[in-house]
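Data first, discussion second: the structure below is written as structure tokens.
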Amino acid sequence: MLLCGIILCIQLKEFPIFIQERGITLDKFRYKIIKFRTMKKNKYNLSEDKESNNIFYKPEHSEKLTKFSKWLRITGLDELPQLLNVIRGKMSLIGPRPLMLSDLEILKQNYPEQYLKRESFNSKPGISGLWQIYGKREKGIDNLIDLENEYEKSGSFVMDLKLILATIPIIVFANHTDAILGSRKARVCRQTITAGCRQ
């Protein structure tokens, strides 16, 4: 964490840690999350998030990332500071994905049934989890809720251990699915010039 923080501080020329409010819903398990800053603050306009109804893909921010920031995001190591949230008891290692307040507002307005389902969850938000590992962003909100609901019903110490072990290769092989950079398959498609390649 210290090494990552130093590199980000040099590249972004600002303090590499920031605090962002997130939650399972706007009222449930709402807390202040500790994260690495991966985008330059002077180029990042928070209002842009509110203009889009897509809470799973935000590629418009990709040009604001450095190469090191991109590596942090595709390995998931940008989540490291959240371990402090786990120590403070605000999060778990495994659990449903905490969402930004702007995304929760979109969820509540456009998908009220799914929002109410999330409101019923009693699991603390997690750094990793069923959706974080196996979820498909292209399948949208139903995929998120289905996997989180499965964890809510069947979560156990054994499942948590299996999900922690499943998280390791994602970090090692930089296979994290990111809202800005997309999936590994999508990243390869963008970098490969072939007639049949489609994101």
Taking the side chain as every heavy atom from C-beta outward, state whether Asn143 and Leu147 have any atom pair closer than 4.5 Å. yes
Separation of Ser102 OG from Leu26 CG (nearest 0.5 Å): 10.0 Å
Tyr31 side chain reached by Pro125 side chain, heavy atoms, under 4.5 Å: yes
What distance separates Glu60 CD from Asn54 CG, expressed to the nearest 0.5 Å? 8.5 Å
Does a side-chain heavy-atom distance below 4.5 Å link Asp103 with Met100? yes
For residues Leu101 and Arg30, report the shortest heavy-atom separation together with the two atoms involved. CD1-NH2, 3.2 Å
Looking at Lys28, I'd like to know if its NZ atom is crowded, meaning that more than 12 non-hydrogen atoms belonging to other residues, nucleotides or ligands lie closer than 6.0 Å. yes
Of all heavy-atom pairs linking Thr75 and Ala174, the shortest is CG2-CB, 3.7 Å
Is it possible for you to say whether Leu3 and Leu72 belong to one hydrophobic cluster, with membership spreading through side-chain heavy-atom contacts below 4.5 Å? yes
May I ask you to decide if Arg73's main-chain N or O and His176's side chain share a donor-acceptor pair within less than 3.5 Å? yes
Between Leu165 and Pro169, what is the shortest heavy-atom contact and its length? O-CD, 3.1 Å
What distance do Leu104 atom CG and Ile55 atom CD1 have between them, rounded to the nearest 0.5 Å? 7.5 Å
Taking it one step at a time, do Ile133 and Ile170 satisfy side chain to side chain contact (heavy atoms under 4.5 Å, CB included)? CA-CA 8 Å; Ile133 298 172; Ile170 293 176; 3.9 Å; yes
Evaluate the side chain to side chain contact (heavy atoms under 4.5 Å, CB included) criterion for residues Asp146 and Glu150: first the C-alpha distance (whole Å), next the side-chain angles of each, then the deciding distance (0.1 Å), finally the verdict. CA-CA 6 Å; Asp146 287 346; Glu150 182 179 341; over 6 Å; no
Looking at every heavy atom in both Pro96 and Ile24, which two are closest together, and how far apart are they? CG-CD1, 3.6 Å
Is the backbone of Arg118 close enough, under 3.5 Å, to the side chain of Glu148 for a donor and an acceptor to pair up by distance? no
Can you give the donor-acceptor pairs under 3.5 Å from side chains of residues 81-91 to other protein atoms, not counting sequence neighbours?
residue	atom	partner	partner atom	Å
Gln82	NE2	Glu79	OE1	2.1
Asn85	OD1	Ile34	N	3.0
Asn85	ND2	Lys32	O	3.0

Hphob cluster co-occupancy, Leu130 + Ile145, side-chain heavy atoms under 4.5 angstrom: yes
Applying ring-ring contact (aromatic ring centres under 6.0 Å, His included), which residue pairs with at least one partner in residues 65-101 are found, sequence neighbours left out? Phe68-Trp71
Report yes if some heavy atom in the side chain of Met39 is under 4.5 Å from a heavy atom in the side chain of Leu65; otherwise report no. yes
With no hydrogens and no angle check, do the side chains of Lys58 and His61 hold a donor and an acceptor under 3.5 Å apart? no
When rounded to the nearest 0.5 angstrom, what distance separates CD1 in Ile74 from CD1 in Ile180? 12.5 Å
Write down the atom of Leu8, the atom of Pro16, and the distance for their closest heavy-atom approach. CB-CB, 3.7 Å
Note, Phe157 side chain near Met159 side chain (heavy atom, < 4.5 Å): no
Counting C-beta onward and ignoring hydrogens, is there a side-chain heavy-atom pair between Arg137 and Leu144 closer than 4.5 Å? no
Is any side-chain N of the basic residue among Arg37 and Glu14 closer than 4.0 Å to the acidic one's carboxylate O? yes
Which pairs with one or both residues in residues 110-143 pass ring-ring contact (aromatic ring centres under 6.0 Å, His included), sequence neighbours excluded? Phe56-Trp131
Output for pair (Met1 CE, Ile6 CD1), nearest 0.5 Å, gives 12.0 Å
Answer whether the closest heavy-atom distance between the side chains of Leu99 and Leu107 falls below 4.5 Å. yes
Taking the side chain as everything from C-beta on, heavy atoms only, tell me whether Ile7 gets closer than 4.5 Å to Ile10. no
Between Tyr151 and Ser123, which heavy-atom pair has the shortest distance, and what is it? CE2-OG, 3.8 Å
Would you call Asp78-Lys70 a salt bridge at under 4.0 Å N-O? no
Donor-acceptor pair, Ser92 side chain versus Gly95 backbone, under 3.5 Å? no
Any chance you could lay out the side chain to side chain contact (heavy atoms under 4.5 Å, CB included) test for Lys35 and Arg22, step after step, and finish with the verdict? CA-CA 11 Å; Lys35 287 182 62 69; Arg22 291 196 178 194; 3.8 Å; yes
At what distance, to the nearest 0.5 angstrom, does CG of Leu163 lie from CD1 of Ile168? 11.5 Å
Just by distance, with hydrogens left out, do Thr167 and Ser128 show a side-chain donor and acceptor under 3.5 Å apart? yes
Checking side chain to side chain contact (heavy atoms under 4.5 Å, CB included) for the pair Phe36/Cys4: CA distance, chi angles, key distance, verdict? CA-CA 9 Å; Phe36 273 131; Cys4 290; 3.7 Å; yes
